[in-house]
There are 2 protein chains.
Amino acid sequence: MNRSTVAEELHAHGARPVPAIDTAALEAAASFFRAAGDVSRLRLLTCLQQGEWCVTELAESLGEGLSTISQRLKVLRGEGLVARRRDGKHILYSLADDHVAALLAAALEHARER
Amino acid sequence: MNRSTVAEELHAHGARPVPAIDTAALEAAASFFRAAGDVSRLRLLTCLQQGEWCVTELAESLGEGLSTISQRLKVLRGEGLVARRRDGKHILYSLADDHVAALLAAALEHARER
DNA sequence: CAAACACTTCATGAATCGTTCAACTGTTGC
DNA sequence: GCAACAGTTGAACGATTCATGAAGTGTTTG
């Protein structure tokens with residue numbers, strides 16, 4: 001019997017076109033996700049969801065070295081997830097924008113749904 | 001002059017409490033982001049945004065080996081980004097839910113904004 | 001039931017990532 | 001200006017991740 005499948009229909013006329021998405025945009029989105037794809041960095045982001053923190057505070061509260069935290073923040077900053085400003089001798093970090101907070105919340109929700 | 005800074009105020013009373021977030025949820029969210037944090041897998045996801053594709057189609061359209069695509073899909077499926085179903089001898093993949101599509105769109109938008 | 005097809009899984013080597021120590025830069029207070 | 005403080009950067013290392021070929025699983029067709 002010749003019951004043709006959905007896939008064969010789609011298949012029949014050669015390769016389906018891949019959606020035209022700017023490689024640079026894709027690359028940037030991937031870097032963004034990769035930056036968020038680490039538990040330690042994610043924990044940092046959840047702190048910053050509450051407001052500004054300086055590096056020393058983060059290090060003390062998380063029980064990690066200053067350099068370690070700084071490196072993690074550097075990655076997050078490189079992908080535009082966090083912003084910073086100087087205040088006296090401290091440097092205060094915060095989430096870059098609401099956009100980031102939203103993505104963070106959405107991912108955590110997706111996580112809890114499993 | 002003794003102009004006390006924002007950071008010193010926050011600093012004064014020991015370590016600030018880290019937000020209480022289930023480590024498992026954080027871990028899951030990180031895995032989710034990590035799965036999305038790769039250009040090749042992201043490209044796969046953008047294909048699936050258009051509907052169902054079988055593995056062979058994806059491989060042909062993207063010009064990659066079958067095994068390569070299959071491995072990438074495995075990662076995405078492991079983190080619940082894509083779903084699959086069998087149709088005849090093909091296996092059709094699609095985005096797991098609208099939730100994923102939304103996260104994808106949000107990240108691509110964030111990417112374009114830079 | 002055997003051959004063909006459509007994948008998946010395993011194993012491996014290459015590349016990338018994350019942490020850490022040491023050295024460096026910038027700011028404040030004496 | 002110099003010592004102390006706050007943070008960044010560079011280099012080295014182990015740990016993870018990614019792509020790929022070979023072998024294995026499941027489905028259909030003759």
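Naming: A, B, ... by sequence-line order, numbering from 1 per chain.
Between B/Trp53 and A/Pro17 the shortest heavy-atom distance is CH2-O, 3.6 Å. Taking both residues in full, the closest heavy atoms of A/Leu58 and A/Cys47 are given as CD2-CB, 3.8 Å, listed atom of the first, atom of the second, then distance. The nearest pair of heavy atoms linking A/Ala25 to B/Ala111 is O-CB, 3.5 Å.
At a threshold of 4.5 Å between side-chain heavy atoms, the hydrophobic network of Ile, Leu, Val, Met, Phe, Trp and Tyr places A/Val75 and B/Leu26 in two separate groups.
To the nearest angstrom, P of C/dT27 lies 15 Å from CZ of A/Arg85. Summarising the geometry, the separation between CG on A/Leu76 and P on D/dT8 is reported as 12 Å, rounded to the nearest angstrom. The NE2-C1' distance, from B/His90 to C/dC5, rounds to 8 Å in whole Å. Between B/Tyr93 atom OH and C/dA6 atom P the separation is 15 Å, expressed in whole Å. Summarising the geometry, the separation between CG on B/Leu73 and C1' on C/dT9 is reported as 14 Å, rounded to the nearest angstrom. The interatomic distance linking B/Arg72 (CZ) with D/dC18 (C1') rounds to 8 Å, in whole Å. Rounded to whole angstrom, the span from the CG atom of B/Leu58 across to the P atom of C/dT8 amounts to 10 Å. A/Glu64 has its CD atom 15 Å from the C1' atom of C/dC21, to the nearest Å.
Using a 4.0 Å cut-off on heavy atoms, none of the residues of residues 43-50 of chain B approach DNA chain D.
Considering only side-chain N and O atoms, A/Ser40 lies under 4.0 angstrom from the phosphate OP1 or OP2 of C/dT19. Applying the 4.0 Å criterion to OP1 and OP2 of C/dA6, one finds that B/Thr56 has every side-chain N and O outside that range.
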So which protein N/O to nucleotides 10-16 of chain C N/O distances come out below 3.5 Å?
| residue | atom | partner | partner atom | Å |
| --- | --- | --- | --- | --- |
| C/dC10 | N4 | B/Gln71 | NE2 | 2.5 |

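In this structure the side chain of B/Gln49 never reaches within 4.5 angstrom of the side chain of A/Pro19, judged on heavy atoms. Residues A/Arg16 and B/Glu60 fail the side-chain proximity criterion, which asks for heavy atoms closer than 4.5 Å.
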Give the intermediate values and the outcome of side chain to side chain contact (heavy atoms under 4.5 Å, CB included) for residues A/Leu44 and A/Leu62.
CA-CA 9 Å; A/Leu44 237 31; A/Leu62 294 169; 3.3 Å; yes
In sequence, state the C-alpha distance, the side-chain angles, and the governing distance for A/Phe33 and B/Phe33, and then conclude on side chain to side chain contact (heavy atoms under 4.5 Å, CB included).
-> CA-CA 5 Å; A/Phe33 281 132; B/Phe33 281 132; 3.4 Å; yes
* Could you walk me through whether A/Arg34 and A/Glu79 pass the side chain to side chain contact (heavy atoms under 4.5 Å, CB included) test, one step at a time? => CA-CA 9 Å; A/Arg34 212 177 312 124; A/Glu79 299 308 326; over 6 Å; no
- Item | B/Thr23 vs A/Arg43, side chain to side chain contact (heavy atoms under 4.5 Å, CB included): CA-CA, chis, key distance, verdict | CA-CA 9 Å; B/Thr23 299; A/Arg43 216 184 303 269; 4.0 Å; yes
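Each of B/Leu81, B/Val82, B/Leu76 was compared with B/Arg41 under the side chain to side chain contact (heavy atoms under 4.5 Å, CB included) criterion, and only B/Leu76 meets it.
Direction of the helix axis in the helix from C/dC1-D/dG30 to C/dC30-D/dG1 shifts by 30° between the two five-pair termini, rounded to 10°.
Looking at heavy-atom distances under 4.0 Å, B/Arg84 makes contact with sugar-phosphate atoms alone, never a base. Contacts of A/Ile91 with the nucleic acid, taken as non-hydrogen atoms under 4.0 Å apart, involve only primed sugar atoms and P, OP1 or OP2.
A parallel orientation is assigned to the rings of A/His110 and B/His99, their planes being inclined by less than 30° (bins at 30° and 60°).
With D/dT8, C/dT8, C/dT28 as the candidates, the nucleotide lying closest to the side chain of B/Leu66 is C/dT8. Distances from the side chain of B/Asp38 to the nucleotides D/dC18, C/dC5, D/dT8 place D/dC18 closest.
Heavy-atom distances to DNA chain C give each of A/Arg41 and B/Val55 a nearest nucleotide, and the one nearer the 5′ end belongs to B/Val55.
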